[in-house]
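Fair warning: this is a prediction, and the values are worked out from it, not measured in the lab.
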Amino acid sequence: DVVVDFSIPTATDSCGVESIVQIEGPESGTPFPTGFSTITFEATDVNGNSSTCSYVVEVFPQTTRPETGPNRSICDENTTTLNGNLPEFGTGLWYIIEGEGEIVSPNNSTTQVTSLAEGVNTFVWSINPDNGCDILTDTVSIFVEEGVFVEAGEDQNIVLGGDANLSGTVFPPDGTIEWSPDESLSCGDCLTPIATPDETTEYFLTYTTPLGCELTDSLIVKVFIEIPNTITPDGDGVNDTWNIPEIDEFPDVTVQIYNR
């Protein structure tokens with residue numbers, strides 16, 4: 001509800017006015033409901049004669065407050081989506097106040113924007129209640145950063161119990177580094193951790209630049225069980241057969257047996 005303030009009306013009478021009293025509607029300085037409220041006053045002279053006057057106060061529904069979400073950064077792209085909230089009534093409009101960008105559907109709360117420029121591009125989502133009340137706005141800035149890259153490195157193979165030296169590469173420097181999963185890494189926030197997984201694992205390197213742009217790359221460390229290199233098929237129950245662990249994962253493998 002909206003608090004409405006108004007003045008008590010004046011009255012004149014040849015015999016003199018005794019009183020002016022409000023007899024209908026909410027009082028001044030109190031909340032008024034949305035819609036129409038009739039305010040009525042009664043003036044009475046010294047002889048008891050009275051007369052009334054009335055007027056109507058209309059309170060419009062509260063305008064939906066625009067919301068565009070937080071500012072954000074994108075990497076090496078010139079297209080993104082603007083997300084505003086739907087107004088309960090009235091009309092919405094997107095427009096640009098800084099940078100460059102082509103708004104595909106400026107009257108839709110959710111729309112694509114193309115042709116963004118490198119750097120800061122700021123957009124406004126406005127809601128006009130179409131009833132004479134103020135137009136409300138909210139802004140969102142899209143920062144476009146070019147030249148960003150992250151490379152987790154080449155896939156590696158290790159034998160169970162061994163380790164792999166990972167070597168990530170990022171640009172620009174001085175951002176935030178995060179490897180995941182990091183349980184089997186010597187460090188989760190450096191570019192060159194040592195990996196000691198006990199099973200084949202895909203590691204993801206996520207890099208966030210100082211300006212907030214985020215990219216992810218990954219690599220796989222394959223873990224092999226140590227392959228036995230001796231067979232003695234003499235029927236004593238020890239090493240009579242040669243089983244190569246996980247050989248079914250490598251259908252093109254070549255096996256060579258040498259008799260010393």
Side-chain angles (χ1 to χ4, degrees), residues 69-81 83 116 118-121 140-260:
N71 299 332
R72 59 186 187 272
S73 298
I74 58 177
C75 310
D76 293 309
E77 295 183 17
N78 64 358
T79 300
T80 190
T81 300
N83 294 294
L116 292 167
E118 183 178 8
V120 179
N121 306 274
V140 61
S141 292
I142 310 297
F143 190 90
V144 178
E145 189 172 1
E146 296 184 353
V148 180
F149 71 85
V150 56
E151 293 181 0
E154 298 294 328
D155 294 344
Q156 299 190 44
N157 301 324
I158 64 172
V159 175
L160 181 63
D163 58 55
N165 294 315
L166 307 188
S167 181
T169 306
V170 298
F171 185 85
D174 302 323
T176 301
I177 297 164
E178 181 181 2
W179 288 94
S180 65
D182 62 357
E183 293 82 2
S184 56
L185 298 179
S186 59
C187 61
D189 57 358
C190 63
L191 282 174
T192 56
I194 299 174
T196 55
D198 55 11
E199 62 181 357
T200 297
T201 303
E202 183 175 12
Y203 293 99
F204 295 87
L205 172 58
T206 299
Y207 182 64
T208 305
T209 72
L211 297 176
C213 178
E214 182 179 289
L215 287 179
T216 298
D217 192 29
S218 68
L219 61 83
I220 295 176
V221 176
K222 293 183 178 180
V223 179
F224 299 95
I225 299 174
E226 187 173 0
I227 300 174
N229 57 11
T230 303
I231 181 174
T232 56
D234 54 9
D236 64 356
V238 179
N239 292 331
D240 286 338
T241 59
W242 189 33
N243 293 316
I244 302 176
E246 301 185 32
I247 194 171
D248 56 332
E249 299 291 332
F250 303 93
D252 298 325
V253 68
T254 299
V255 177
Q256 292 181 323
I257 301 176
Y258 296 90
N259 186 348
R260 296 187 299 179

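In this structure, Asp217 contributes its side chain and Leu205 its backbone to no donor-acceptor pair below 3.5 Å. With hydrogens and angles ignored, the 3.5 Å screen pairs a side-chain donor or acceptor of Tyr207 with a backbone N or O of Gly175. Side chain of Thr209 to backbone of Leu211: a donor-acceptor contact under 3.5 angstrom is found. Put simply, the side chain of Gln156 gets close to the backbone of Asn165: a donor and an acceptor are under 3.5 Å apart. Side-chain atoms of Thr200 come within 3.5 Å of backbone N or O of Val223 as a donor-acceptor pair. Judged by distance alone, with hydrogens and angles left aside, the side-chain atoms of Ser141 form no donor-acceptor pair with the main-chain N or O of Val120 at under 3.5 Å.
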Checking Val148 against Asp76 for the side chain to side chain contact (heavy atoms under 4.5 Å, CB included) test, could you report, in this order, the C-alpha distance in whole Å, the side-chain angles of both residues, the deciding distance, and whether it holds? CA-CA 7 Å; Val148 180; Asp76 293 309; 4.1 Å; yes

Show, in sequence, the C-alpha distance, side-chain angles and deciding distance for Asn71 and Phe143, and conclude whether the side chain to side chain contact (heavy atoms under 4.5 Å, CB included) test is met. CA-CA 8 Å; Asn71 299 332; Phe143 190 90; over 6 Å; no

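Taken from CG in Asp198 to CD1 in Ile158, the straight-line distance is 9.0 Å, to the nearest 0.5 Å.
Closest of all the heavy-atom pairs between Ile177 and Cys190 is CG2-O, 3.7 Å. Closest approach of Ser73 to Cys213, counting heavy atoms only: CB-N, 3.7 Å. For the residue pair Trp179 and Leu191, the shortest heavy atom distance occurs at CZ2-O, 3.8 Å. Annotation for Ala195 and Leu185: closest pair CB-CD2, 3.5 Å, computed over non-hydrogen atoms. Of all non-hydrogen atoms in Asp236 and Thr232, the two that sit nearest each other are OD1-O, 4.4 Å.
Looking only at atom types and distance, the side chain of Glu202 has a donor-acceptor partner in the side chain of Ser218 under 3.5 Å away. No side-chain N or O of Ser184 forms a donor-acceptor pair with one of Thr196 less than 3.5 Å apart.
At least one side-chain heavy atom of Arg72 sits under 4.5 Å from a side-chain heavy atom of Val140. Counting heavy atoms from C-beta on, the side chains of Ser180 and Tyr203 never come closer than 4.5 Å.
Taking the six-membered ring where tryptophan is involved, the planes of Phe149 and Phe171 are essentially parallel, since the angle between them stays under 30° and well short of 60°.
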